[in-house]
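This report refers to the structure that appears directly beneath it.
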Amino acid sequence: MCRRGCDATPMRPPYLIFDAKTYEFLGFRDERISRDGKKDCIQLSHTVEWAIVDKVRQRP
């Protein structure tokens with residue numbers, strides 16, 4: 001698993017991860033290959049807090 005500094009090319013589009021029982025949104029998964037082709041990177045990220053708003057950059 002690559003950590004910071006993995007300058008890579010996407011293998012496939014990132015996708016959303018949900019809990020199998022509650023369907024709660026857990027985060028994103030992104031798979032990449034390093035530029036030299038020697039490393040496969042799996043990058044996981046999550047959102048700590050989110051909200052739905054009416055306008056772009058509007059604060060909840």
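These numbers come from the heavy atoms of this one structure, side chains and all, not from hydrogens, waters or symmetry mates.
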task = Would you sort out whether D40 and E31 count as a side chain to side chain contact (heavy atoms under 4.5 Å, CB included), showing the intermediate values?
result = CA-CA 7 Å; D40 290 342; E31 297 180 20; over 6 Å; no
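- Contacts classified as salt bridge (charged side-chain N to carboxylate O under 4.0 Å, His left out) and involving residues 18-28 (residues at least two apart or in different chains) are not found.
- Through side-chain heavy atoms spaced under 4.5 Å, either directly or across other Ile, Leu, Val, Met, Phe, Trp or Tyr residues, Y15 is tied to no other residue.
- Hydrophobic cluster membership for L16: F18, F25, F28 (Ile, Leu, Val, Met, Phe, Trp, Tyr linked by side-chain heavy atoms under 4.5 Å, directly or transitively).
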